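Working notes, structure below.
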Amino acid sequence: MNSDTLEKGYEPREVEKRWYAYWEKEGLFAAEDVADKKPFSIVIPPPNVTGVLHMGHAHNNTLQDILCRYRRMQGYNVLWMPGTDHAGIATQNVVEKGLAEEGKNRHSLGREQFVERVWQWREEYGGLIIKQLKRLGASCDWNRERFTMDEGLSRAVKSVFVRLYKEDMIYQGDYIINWCPRCQTALSDLEVDHEDHNGNLYYVRYPFENREGGIVVATTRPETMLGDTAVAVNPGDERYRAMEGKMVILPLMNRAIPIIYEEYVDTSFGTGALKITPAHDPHDFEIGQRHNLDIVKVIGSDGRMNEQAGHFQGKDRFECREEILEALNKEGLLEKVEPYQHSVGHCYRCRTTVEPYLSRQWFVRVKPLAKKAISAVEKGETRIIPHVWTKTYFEWMNNIKDWCVSRQIWWGHRIPAWTCETCGKLIVAMEAPEVCPACEGTTLVQETDVLDTWFSSALWPFSTMGWPDDTQTLKTFYPTSVLVTGFDILFFWVARMMMMGLHFMNEVPFKDVYIHALVRDAEGKKMSKSKGNVIDPLYVIDEYGTDAFRFTLAAFAAQGRDIKLSEDRIQGYRHFINKLWNASRFSFMHLRDFDPDSSQPDAQSLSLPGRWILSRLNSTVETVTRALDEYKFNEAASALYRFLWHEFCDWYLEIVKPVLYAQLSLEVSGDKANKGRTPDTQRAVLCSVLNEILRLLHPFVPFVTEEIWHKLPGTNGSIMKAAFPVSNEQRHDPGAEATMNLLMGITSGIRNIRGEMNVPPARLVEATVQSTDNDVRQTIEEHQDIIINLARLESLNVTLPGKRPALSATSVFGDSTIFVSLRDIIDFEAEKARLNNEIAKITKQLGGIGKKLNNADFLTKAPDEVVNGVREKQGELAEKKSKLETHLSTVTHLASN
RNA sequence: AGGCACGUAGCUCAGGGGGAGAGCGCUACCCUGACACGGUAGAAGUCGCGAGUUCAAAUCUCGCCGUGCCUACCA
C-alpha cells in the first residue's frame, strides 16, 4: 500500500491499536502542572475496580473524551484525571464469592488476611476497566491514575474525617438504619432500592388484661410484634376514647404493653391502631423516644430471631412470620388477612430485603454543608446542565438527612477512631495514639467500621490532585471545568462532592455539571443482565469499530432524553465512518504529489464550488463550536454528518470530479508546460477542506481521523496537536451560496423529471431552462457544465421564455422553467400525473396563504416583513402554479393527438 | 401520594409563535472511473386529545389521556 492511498474499506481494529499506542508513547494525553495555556480539567467518575465497561461508562466517557480532545485542540492545557473506586461492598462481595468457591469465608481468613486478599484481587483484575477505557479511545492522563484506597487518597480521607470530627460535624449515635443481613452492614438511605411487593396486611387482636376484647392492630410484618412495647392510637379517634394508659397483652409473649396517644397515627388506615416496635421501625423508634418506651430487639444482625424472641429464637425472620401467624390463628387472635401491596427495601448490591435495625453508627451532620452547596448553585458558581436538574438538586439538598457513613465491612477506609479500654475515651486522630490522653492507658482499640465508599468519592476532585498538600496541580486545575455524569448518581456523588469541595477547598469542585441521559435498550428499558438486554460495548467496538460507536453515542446524546440504543443504529454510523474513509480515499487519488504549501487557495482564483464549500464549511465550524460549548453533542454530530455527506460528498466532490480527473490526466501525461500554468486551486481547496473536516471530526472519531490525517498532504505529526478549526468570516460567501442554490435547484428539477419519468441513468438528455431574469440566465450559462454533468445532460439551452420544446417534461424552480426533452420516451400519462401531483401540493399551500392574506387582522397586526414574506411567497407559488398548469394543458393536448 | 420529563412520518428522534424536518426503514431505477457500508428520485405525518391566549399555535397557558423516570411513604 502506498503511503498516500487507502484500502477500499476501513478496518478499525489494527488502526485503533496502533494509534492508541502512539498517543500514549508520545505523551499526548499529559497535562502540565505549569503552563501558559488556559487550563481545562475533568475528573473521571471513577468506575468501580470490579467494574466491566458497560454502556453507561461508554457513553459517559465518550462525552468526556470529546470535550477533552476538543479543548486540547483549542489550545487548552487539558487534564483528564483518571482512576478507579474501591467500591467497598461491591468489591468485598466479589472477593467473598471467590472465597466461597474455595470453601472459605472472610471470618476464617481474619480481617488482615482478607483485606490482603482484596488487594491481591485488585492487582490481578482491577486494571480491566482501564484497559477497556483505552479501547474506547479515552485520552486520560494515565500517569496520574488514582485509586480511592491509595496512600494519598487515604490520607485525604483521614484528614477530612478528623477535621469534621473536630468541627463537631461527625457524631456517633444509636439509630434505626438500613441493615443488610447478608452483607452484614449498614446502608445509607440511598443504597436501598424500594420495590413494590405483593404482601398481606394482617389484623391482630391484642386482648385487654382481662383477656377480653382488646385492640386490633394491622401490620405487614407480624414477626416484629415480638418486640412491641406499645400500641398507639390517635388521640382524636372516637373508637379509642379514654384508653390512654390502659394495658393490652402482647400475644405470644404475654407481656402487658400500654396504649399511648400519638398524633402521628392515621385514623383512616387499618384499624387506626398502630403497634409500636421501637427497635425495628424508624417511626416507631421516634415515637418510642417521645414516650420513653422500652426498646426490645428481637431480630439479630443475621436476620434471625434472637434470644428476646422467646421460643422463636434462631428462626429466620420470614420463617418466623409464618409460625407466628399460625400460632395467632390457633389462639383466635388473627382477625383478618387482606392482600396488600407495599414497597420493600432491598440492598442495592445483593438484593436482600433490608432490615430496619437499631445500632450505633457514625453520622455526618450534612445540613450546614448542604446550605453552602445550595447557595453555590443559586449563585451560579456551579451550573447544572440541563437546567431542569437544578430543581431536583435543590429538592434533595433542602430535605437532606444526616449521612450514615459507617459500614460494617472490612474493605474500605477504616474509621480513624480509637477507644481506650481503660477509661472508654474516644480518640479520633490521623495516627494510632500510643497512650490515652485522659487516663494514659495503653490499650487502645481501633473502630472496626469502615467508611461508606462515597465518603472517599466525595473528595475525588481535590484528593486526586494531591490534597491535603497545597499542590501545583490543585492551583492549576481546581476547580475543574466540568463534571460529566448521569443523573443516577446526582445525590450519591455530585451533591456530596459539592459539599466536601466547598467545605475543604472553599471553592466549588466544578464550574459545570453536565448531566447526560441513560443508555437504554431499543425498547427504552434499562439494560440489565437479568433482562438479558445488555449490549456489550466491547462487542460493539469489535464489530463496528470504536469510532462508529462513539459517533452513535454522540449523535444520540440529546439533552434530557434517554438513549435507546440498538445495533442497527450503530451500523448506520459505521456507514458514516466508511463514507469519510472513501471520501478521503477519493481525495488522495487526486492529491498525489500535491504540495499544499506551494498552492494556497487564494480568494481571487477560487471557483464557485470552492467558494461555496468553504462558505458551508465555515458555517459548520460555527455550528459545531457553538454546540460543543453548550454540551449539545447531538447537534455537533448532526452538523458534521450533514456537511460531510450531503454537502462535501454529494455536491462538492461530484461537481469537481471532472476538473480533478482532468488535472489527474495532466499529471499522468507529464504535460509539464500545461501543468505549471493551470492554477491548482481546486486541489488546494479539496485538500484544505478535507484537512479541516478531519480536525472537526477528531474529537468524535479519533482513530479514523488520525489514520487519514497522516496520509493527507501537508500534515505533520498527530492530529491531536493540530488546532481545532476556527470560523473565518472571510469564507462566508452568501453570493456563492445563492448561486449554488440556483444550480442545485435546477439540477434537482431535472433529476426529478428523470426519476419520475424513468429515464435510465445512462441515457443523456437535452434540457432547456427559460428565465426572464438576465442574471439567472447568465449564471446558469456560466456554470452550465456543472448542471450538464450532475443531471447527465447531452446539452443545456438557456433562453428567454418562449416556445415550449416539443415532447418534454417540465419543472419550475424559482422564476426558471425547466424542460427536459424526452422524444421517444415521453409518457404523457406519467407526465400528467406528475404535474397534477405538483399542482395539488402548490394549491394546498396557496390555500393556507390565501386565508392569511384575506384576514384583515393579519394585514394590520402582523409585522410588515411577515406580511411581505407571505405576499412574495404567494406570488411565487401562483406563478409556479400557472406555469405548471400551462404545461399540463399542453401535455393533455399532445396526449390526445 | 408528590414531582419531573416525554407523546411530531412505520421506527428512533431533532425543532420550538408566521413555509412540517433528519436518520433508519420502505418503493422505483442504477454495480456511472471514492464508497452497493453507494447513487438518484419518490411515497408517507389533523405534530396525543380538548379548550384558552394571539392577527397567527406543532410551538405559549390550562385541563384530560397515555408513557417513562425520580422522590417520599402507607403500620
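Below, all heavy atoms of this structure are taken into account, side chains as well, without hydrogens, waters or symmetry copies. Here the structure is a predicted model, which is why all the values come from computation and not from measurement.
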> Is the phosphate of A57(B), meaning OP1 or OP2, less than 4.0 Å from a side-chain N or O of Lys852(A)?
Replying inline: no

>> Which nucleotide wins on minimum distance to the side chain of His283(A), given the candidates C37(B), G39(B), C74(B)?
In response: C74(B)

> Between C35(B), C55(B), G23(B), which nucleotide has the shortest distance from any of its atoms to the side chain of Glu654(A)?
Replying inline: C35(B)

>> Categorize Asp650(A) for me: base, sugar-phosphate, or nothing, with a 4.0 angstrom heavy-atom threshold over every strand shown.
In response: sugar-phosphate

>> By the 4.0 Å heavy-atom rule, please label Asp228(A) as base, sugar-phosphate, or nothing.
In response: nothing

> Mind checking the C1' distance from A9(B) to A43(B)? Whole angstroms is fine.
Replying inline: 11 Å

> If we take the P atom in both G16(B) and C29(B), what is their distance in whole Å?
Replying inline: 40 Å

> Quick one: is the NZ or CZ of Lys657(A) closer than 6.0 Å to the six-membered ring centre of Phe586(A), and within 45° of its axis?
Replying inline: yes

> For U61(B), what is the paired nucleotide under Watson-Crick or G-U wobble rules, both distances under 3.5 Å?
Replying inline: A51(B)

>> Counting only Watson-Crick pairs (N1-N3 plus N6-O4 or O6-N4) and G-U wobbles (N1-O2, O6-N3), all under 3.5 Å, who is the partner of G66(B)?
In response: C6(B)

> Within the structure shown, what part of the strands sits under 4.0 Å from Lys841(A) by heavy-atom distance: base, sugar-phosphate, or nothing?
Replying inline: sugar-phosphate

>> Please pick, from G19(B), A41(B), A43(B), the nucleotide with the shortest atom-to-atom distance to any side-chain atom of Glu756(A).
In response: A41(B)

> In terms of side-chain heavy atoms of Asn578(A), which of C73(B), C35(B), A41(B) is nearest?
Replying inline: C35(B)

> What's the CD-C1' distance between Glu263(A) and A75(B), to the nearest Å?
Replying inline: 17 Å

> Tell me: CD1 of Ile577(A) to C1' of G38(B), nearest whole Å?
Replying inline: 16 Å

>> Can you see if the side chain of Trp645(A) gets near the phosphate of C37(B) - specifically, an N or O under 4.0 Å from OP1 or OP2?
In response: no

>> Does G19(B) have its OP1 or OP2 closer than 4.0 Å to a side-chain nitrogen or oxygen of Lys873(A)?
In response: no

> Looking across every strand, which nucleic acid part, if any, lies under 4.0 Å from Arg751(A) by heavy atom: base, sugar-phosphate, or nothing?
Replying inline: sugar-phosphate

>> Could you tell me how far C47(B) sits from U8(B) if I compare only their P atoms? Round to whole Å.
In response: 11 Å

>> Let me spell it out: for each of Ala762(A) and His575(A), pick the nucleotide of RNA chain B with the closest heavy atom. Which residue's pick is nearer the 5' end?
In response: Ala762(A)

>> Please tell me whether Asn582(A) and Asn578(A) have a donor and an acceptor in their side chains that are separated by less than 3.5 angstrom.
In response: yes

>> Once you apply a heavy-atom cut-off of 4.0 Å, does Tyr573(A) come out as touching a base, just sugar-phosphate, or nothing?
In response: nothing

> If you round to the nearest 0.5 Å, how far is CG of Asn234(A) from OH of Tyr261(A)?
Replying inline: 9.5 Å

> How long is the span from the OG1 atom in Thr623(A) to the CD atom in Glu635(A), to the nearest 0.5 Å?
Replying inline: 8.5 Å

> To the nearest Å, how far apart are Glu338(A) CD and A75(B) C1'?
Replying inline: 12 Å

> Nearest of G18(B), C55(B), A75(B) to any side-chain atom of Lys275(A)?
Replying inline: A75(B)

> Has His646(A) got a side-chain N or O lying under 4.0 Å from the OP1 or OP2 atom of G23(B)?
Replying inline: yes

>> Output the rounded distance in Å from CD1 (Ile787(A)) to P (U40(B)).
In response: 16 Å

>> Ignoring hydrogens, what is the shortest heavy-atom contact between Leu328(A) and Pro251(A)? Give both atom names and the distance.
In response: CD2-CB, 3.8 Å

>> Testing the 3.5 Å rule here: is there a donor-acceptor pair between the side chains of His590(A) and Gln682(A)?
In response: no

> Hey, does Pro760(A) reach any base, or is it just sugar-phosphate, or nothing, if we go heavy atoms under 4.0 Å?
Replying inline: nothing

>> Say we look at U61(B) and G18(B): how far apart would their P atoms be, to the nearest angstrom?
In response: 15 Å

> For U46(B), which nucleotide in any strand shown is its Watson-Crick or wobble partner with both distances under 3.5 Å?
Replying inline: none

Please list, one pair per line, the donor and acceptor atoms closer than 3.5 Å that link side chains of residues 747-756 of chain A to other protein atoms, with sequence neighbours excluded.
{"from": "Thr747(A)", "atom 1": "OG1", "to": "Leu743(A)", "atom 2": "O", "distance (Å)": "2.7"}
{"from": "Ser748(A)", "atom 1": "OG", "to": "Met744(A)", "atom 2": "O", "distance (Å)": "3.0"}
{"from": "Arg751(A)", "atom 1": "NE", "to": "Leu790(A)", "atom 2": "O", "distance (Å)": "3.4"}
{"from": "Arg751(A)", "atom 1": "NH2", "to": "Leu790(A)", "atom 2": "O", "distance (Å)": "3.4"}
{"from": "Asn752(A)", "atom 1": "OD1", "to": "Arg834(A)", "atom 2": "NH1", "distance (Å)": "3.1"}
{"from": "Arg754(A)", "atom 1": "NH1", "to": "Arg763(A)", "atom 2": "O", "distance (Å)": "3.1"}
{"from": "Arg754(A)", "atom 1": "NH1", "to": "Ala791(A)", "atom 2": "O", "distance (Å)": "3.2"}
{"from": "Arg754(A)", "atom 1": "NH1", "to": "Arg792(A)", "atom 2": "O", "distance (Å)": "2.7"}
{"from": "Arg754(A)", "atom 1": "NH2", "to": "Pro760(A)", "atom 2": "O", "distance (Å)": "2.9"}
{"from": "Arg754(A)", "atom 1": "NH2", "to": "Pro761(A)", "atom 2": "O", "distance (Å)": "3.3"}
{"from": "Arg754(A)", "atom 1": "NH2", "to": "Arg763(A)", "atom 2": "O", "distance (Å)": "2.7"}

>> Does a side-chain N or O of Asn752(A) approach OP1 or OP2 of G42(B) to a distance below 4.0 Å, or not?
In response: yes

> Val388(A) side chain: which of C35(B), A41(B), A5(B) is closest?
Replying inline: A5(B)

>> Going by purine N1 to pyrimidine N3 plus the second Watson-Crick contact, or the G-U wobble pair, all under 3.5 Å, which nucleotide sits opposite A41(B)?
In response: U27(B)

>> Closest approach to the side chain of Arg792(A), judged atom by atom: which nucleotide of A43(B), A75(B), U32(B) is it?
In response: U32(B)

> Of the nucleotides C55(B), C69(B), C30(B), which has the atom closest to the Phe487(A) side chain?
Replying inline: C69(B)

> Does C73(B) have a Watson-Crick or wobble mate here (both distances under 3.5 Å), and if so which one?
Replying inline: none

>> Over all strands shown, is Val217(A) touching base, sugar-phosphate only, or nothing at heavy-atom distances under 4.0 angstrom?
In response: nothing

> Below 4.0 angstrom from OP1 or OP2 of A36(B), is there any side-chain N or O of Asn582(A)?
Replying inline: no

>> What's the gap between G7(B) and G15(B) when it is taken at their C1' atoms, as a whole Å value?
In response: 15 Å

> How far does the C1' atom of U53(B) sit from the matching atom of G17(B), given to the nearest Å?
Replying inline: 11 Å

> What integer number of Å spans the C1' atoms of G66(B) and G48(B)?
Replying inline: 8 Å

>> Evaluate Glu223(A) against Arg317(A) for salt bridge (Lys or Arg N to Asp or Glu O under 4.0 Å), listing each step before the verdict.
In response: CA-CA 7 Å; Glu223(A) 68 278 13; Arg317(A) 53 192 164 145; over 6 Å; no

>> On RNA chain B, compare the nucleotides closest to Glu876(A) and Trp651(A); which residue's is nearer the 5' end?
In response: Glu876(A)

> How close or far is atom P of C4(B) from atom CD of Glu395(A), stated in whole angstroms?
Replying inline: 9 Å

>> With a 3.5 Å limit on both atom pairs, tell me what C13(B) is paired to, counting Watson-Crick and G-U wobble, or say none.
In response: G21(B)

> What about Trp389(A) and Tyr393(A), are their ring centers closer than 6.0 Å?
Replying inline: no

> Considering only the C1' atoms, how many Å lie between A58(B) and C49(B), rounded to the nearest integer?
Replying inline: 14 Å

>> Can you identify which nucleotide, out of C24(B), C11(B), A75(B), has its nearest atom closest to the Arg569(A) side chain?
In response: C11(B)

>> If you compare every side-chain N and O of Lys579(A) against the phosphate oxygens of G39(B) (OP1, OP2), does one of them come in below 4.0 Å?
In response: yes

>> What's the closest nucleotide to the side chain of Leu201(A) if the choices are G18(B), G39(B), A75(B)?
In response: A75(B)

